[in-house]
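So the structure is just underneath, and the comments pick up after that.
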Protein chains: 2
Amino acid sequence: MASQRGEGETTTTPAEAADKERARAIPEAAVARLAVYLRVLSGMSESGVTAVSSEELSQAAGVNAAKLRKDLSYIGSYGTRGVGYDVEVLVSHIERILGLTRNHSVAVVGIGNLGHALANYGGFPGRGFPVTALFDVDADLVGIPVGGIPVNHIDEITAICREREVSIGVIATPPPAAQSVCDRLVSAGVQCILNFAPVVLQVPDNVEVRKVDLAVEMQILSFHVARRADEAASVSVGNNGLGVDGMVIRP
Amino acid sequence: MASQRGEGETTTTPAEAADKERARAIPEAAVARLAVYLRVLSGMSESGVTAVSSEELSQAAGVNAAKLRKDLSYIGSYGTRGVGYDVEVLVSHIERILGLTRNHSVAVVGIGNLGHALANYGGFPGRGFPVTALFDVDADLVGIPVGGIPVNHIDEITAICREREVSIGVIATPPPAAQSVCDRLVSAGVQCILNFAPVVLQVPDNVEVRKVDLAVEMQILSFHVARRADEAASVSVGNNGLGVDGMVIRP
DNA sequence: TACCGCTTGTGAACGCATGCACAAAGTCGG
DNA sequence: CCGACTTTGTGCATGCGTTCACAAGCGGTA
Ligand SMILES: NC(=O)c1ccc[n+]([C@@H]2O[C@H](COP(=O)([O-])OP(=O)(O)OC[C@H]3O[C@@H](n4cnc5c(N)ncnc54)[C@H](O)[C@@H]3O)[C@@H](O)[C@H]2O)c1
Ligand SMILES: NC(=O)c1ccc[n+]([C@@H]2O[C@H](COP(=O)([O-])OP(=O)(O)OC[C@H]3O[C@@H](n4cnc5c(N)ncnc54)[C@H](O)[C@@H]3O)[C@@H](O)[C@H]2O)c1
């Protein structure tokens with residue numbers, strides 16, 4: 001899985017080496033936000049904006065300006081005091097930190113409702129995540145192209161993932177199949193998995209899993225609805241001020 | 001615990017009132033995990049399991065046992081020392097905390113690739129999130145039923161959301177339309193929004209937004225790939241220690 | 001060149017979340 | 001009824017992430 005970018009004798013520039021050392025120290029939460037900043041900056045760049053202040057960028061990204069500056073400081077000092085940041089410079093530095101200077105081949109497993117949507121989605125290839133393989137267990141689906149890629153049978157997963165150097169596996173199968181699919185991806189050398197099935201996957205330490213769980217998202221929203229409803233109720237009815245165990249909740 | 005003899009003649013039981021007071025104090029991160037516990041517990045319940053220890057449950061949920069116990073302690077003390085937790089009891093308490101004792105009507109806006117998948121998905125209604133309305137701007141889609149629900153035109157959004165008491169709005173439109181759709185949902189009284197469009201939505205304080213951003217998820221995975229690759233590289237090569245950060249950008 | 005106003009970068013304080021470790025509280029066998 | 005054993009619930013320490021506040025640095029201006 002070495003670098004596939006062959007320019008120059010050395011594989012990394014000094015700036016890259018510096019970035020990479022820094023990468024270790026970037027908080028997980030900041031990484032997620034950097035991805036958002038990158039999208040906002042890309043949009044600005046396309047609109048012809050060349051410079052931006054932390055205040056403007058933080059507004060557009062929906063975060064605190066101080067937090068944004070701290071996040072950017074994790075990747076280095078590329079701003080100009082009194083002026084702001086050069087959009088292009090920031091874009092290229094964030095891209096490098098996020099490892100977007102190389103493409104990450106994506107495989108989608110489970111070409112049902114969700115798998116179809118993902119395979120058809122045009123937003124990934126343009127951002128460095130080409131979908132290069134689709135898998136399903138259903139014989140009727142095998143061979144049919146979805147979003148331009150033919151569906152392969154799940155049994156071919158190891159060979160094809162190796163061959164196409166898949167680095168991200170997306171699981172969109174029913175929950176009972178998810179763990180087995182995950183195991184197959186892992187044994188095919190895939191080290192990153194994005195899981196849509198509402199199942200907790202067991203993986204070795206060297207594999208990174210992120211889950212997208214819509215039911216959980218909705219339940220969190222539900223929790224906030226309930227909390228809000230309570231607040232309204234206790235305000236209108238009158239709060240006796242006593243929680244359980246005599247804890248005083250509100251003044 | 002759970003004392004408080006009832007002067008709760010209203011719609012809430014004493015236990016509910018106690019829960020609701022606690023809800024205020026539950027950390028956001030714990031709420032997300034409670035939703036996961038709930039799913040695991042529901043599965044156990046269906047499999048006929050009636051009791052579970054924090055150790056077992058934490059394994060199944062993929063978290064630390066101490067963290068699980070702390071999370072559960074936020075909602076009250078419903079375990080039995082030396083034994084564990086009663087599955088049904090835990091399920092009902094978590095459901096109540098998450099506000100799942102009432103149904104939350106869901107509207108999906110943007111019936112394209114993703115919207116179709118969401119509308120067809122059978123996993124929501126069974127969990128208390130019935131999809132009761134679909135909207136799109138495309139006249140060709142209006143009137144066609146998807147997943148059993150006919151698509152309505154976006155212009156009807158206010159009336160229909162009010163009428164069907166929609167509490168969660170799901171945005172699956174292209175990015176440029178997302179803010180405008182969001183504004184319409186808000187003015188229709190929807191206070192919870194789940195956003196799939198890669199856009200930062202601006203909403204009033206009383207509206208809760210959660211976003212699902214697949215590109216961001218992939219970029220986080222990409223970051224970890226890069227980090228891992230660097231570690232491997234720096235172990236084999238060693239660090240040159242030069243911290244000089246020239247503004248070297250690859251042409 | 002010297003000054004002024006603006007914006008970055010970051011040290012330091014704070015608050016939230018995690019994980020440990022153990023007393024309290026229960027069960028069960030005898 | 002007792003004592004050994006099991007598991008919960010939680011105080012506490014630790015670490016991570018966020019926020020504040022301000023000195024340092026830069027461009028513009030006279
Ligand atoms: N559709 C949604 O909107 C939605 C929302 C939330 C979560 N999910 C989750 O995403 C997953 C997929 O949902 P869906 O609606 O697309 O389901 P689906 O039933 O439409 O599609 C599942 C696909 O997986 C294939 N499959 C089954 N076993 C397989 C295996 N062992 N290997 C490879 N492929 C296999 C099936 O043939 C089918 O094509 C489910 O776990 C679901 O819970 C979906
Ligand atoms: N499909 C995916 O897998 C995927 C993945 C990640 C993110 N997304 C995001 O989800 C969103 C939807 O993706 P998609 O692939 O379903 O797109 P799509 O183009 O297939 O569907 C968008 C739908 O929204 C409708 N629409 C457009 N403007 C509207 C408006 N003002 N009001 C109501 N409806 C409107 C269109 O008629 C269309 O039916 C996009 O923002 C996309 O970036 C999709």
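Below, chains carry the letters A, B, ... as their sequence lines are ordered, and counting in each starts from 1.
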Which residues pass the side chain to side chain contact (heavy atoms under 4.5 Å, CB included) test with [X], not counting sequence neighbours?
{"X": "Pro175(B)", "value": "Pro198(B), Val199(B)"}
{"X": "Asp86(A)", "value": "Glu88(A), Val89(A)"}
{"X": "Pro204(A)", "value": "Val186(A), Asn206(A), Val207(A)"}
{"X": "Ser58(B)", "value": "Glu55(B), Val63(B), Ala65(B), Leu68(B)"}

TODO: Map Glu28(A) and Tyr85(B) onto DNA chain D by nearest heavy atom, then report which one ends up closer to the 5' terminus.
DONE: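 Result: Tyr85(B).
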Protein-nucleotide distance ([X], atom [atom1]; [N], atom [atom2]), rounded to Å:
{"X": "Tyr74(B)", "N": "dG11(D)", "atom1": "OH", "atom2": "P", "value": "11 Å"}
{"X": "Lys67(B)", "N": "dG11(D)", "atom1": "NZ", "atom2": "C1'", "value": "18 Å"}
{"X": "Leu68(B)", "N": "dG9(D)", "atom1": "CG", "atom2": "C1'", "value": "12 Å"}

Task: Sorted by number, the residues of residues 201-222 of chain A with heavy-atom contact under 4.0 Å to DNA chain C - done: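 Result for residues 201-222 of chain A: none.
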Task: Nucleic acid footprint by protein, nucleotides 20-30 of chain D - heavy-atom cut-off 4.0 Å, B for base, S for sugar-phosphate alone - done: BB--BBBS---
TODO: May I have all residue pairs that pass salt bridge (charged side-chain N to carboxylate O under 4.0 Å, His left out) and include part of residues 58-84 of chain A, sequence neighbours excluded?
DONE: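 Salt bridge (charged side-chain N to carboxylate O under 4.0 Å, His left out) check on residues 58-84 of chain A returns Arg33(A)-Asp71(A).
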TODO: Sequence neighbours left out, what passes ring pair (Phe, Tyr, Trp, His ring centres under 6.0 Å) with Tyr37(B)? Give chain and number order.
DONE: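 Counting only residues at least two positions away or on another chain, Tyr37(B) forms no ring pair (Phe, Tyr, Trp, His ring centres under 6.0 Å).
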Open item on the list: For Phe196(B), give me all partners under ring pair (Phe, Tyr, Trp, His ring centres under 6.0 Å), at least two apart in sequence or on another chain.
Closed with: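 Once residues adjacent in sequence are excluded, Phe196(B) has no partner under the ring pair (Phe, Tyr, Trp, His ring centres under 6.0 Å) criterion.
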Open item on the list: Could you check whether any side-chain N or O of Glu56(B) sits under 3.5 Å from a backbone N or O of Ser53(B), counting only pairs where one atom can act as donor and the other as acceptor?
Closed with: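 The answer is yes, because a donor-acceptor pair under 3.5 Å joins these two groups.
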- [ ] Keeping the roles fixed (side chain from Ser42(A), backbone from Leu38(A)), state whether a donor-acceptor pair exists under 3.5 Å.
- [x]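 Checked: pair present.
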Open item on the list: Distance under 4.0 Å to a non-hydrogen atom of chain B counts as contact; along DNA chain C, which nucleotides mark the start and end?
Closed with: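 So the outermost contacting nucleotides come out as dA17(C) to dT27(C).
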TODO: For residues 213-222 of chain B, pull every pair meeting side-chain hydrogen bond (donor to acceptor under 3.5 Å, both in side chains), keeping only residues two or more places apart or in separate chains.
DONE: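 Those involving residues 213-222 of chain B are Arg39(A)-Asp213(B), His104(A)-Ser222(B), Arg210(A)-Glu217(B).
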Open item on the list: With side-chain hydrogen bond (donor to acceptor under 3.5 Å, both in side chains) as the rule and sequence neighbours excluded, what pairs involving residues 170-180 of chain A come up?
Closed with: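 Output for this query lists Gln179(A)-Asp183(A).
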Open item on the list: Can you tell me which nucleotide in dG17(D), dT10(D), dT7(D) comes closest to the side chain of Ser73(B)?
Closed with: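 Given the options dG17(D), dT10(D), dT7(D), the side chain of Ser73(B) is closest to dT10(D).
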Open item on the list: Does dT8(D) have OP1 or OP2 under 4.0 Å away from a side-chain N or O of Ser54(B)?
Closed with: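 Answer yes for this pair, as a side-chain N or O of Ser54(B) is under 4.0 Å from OP1 or OP2.
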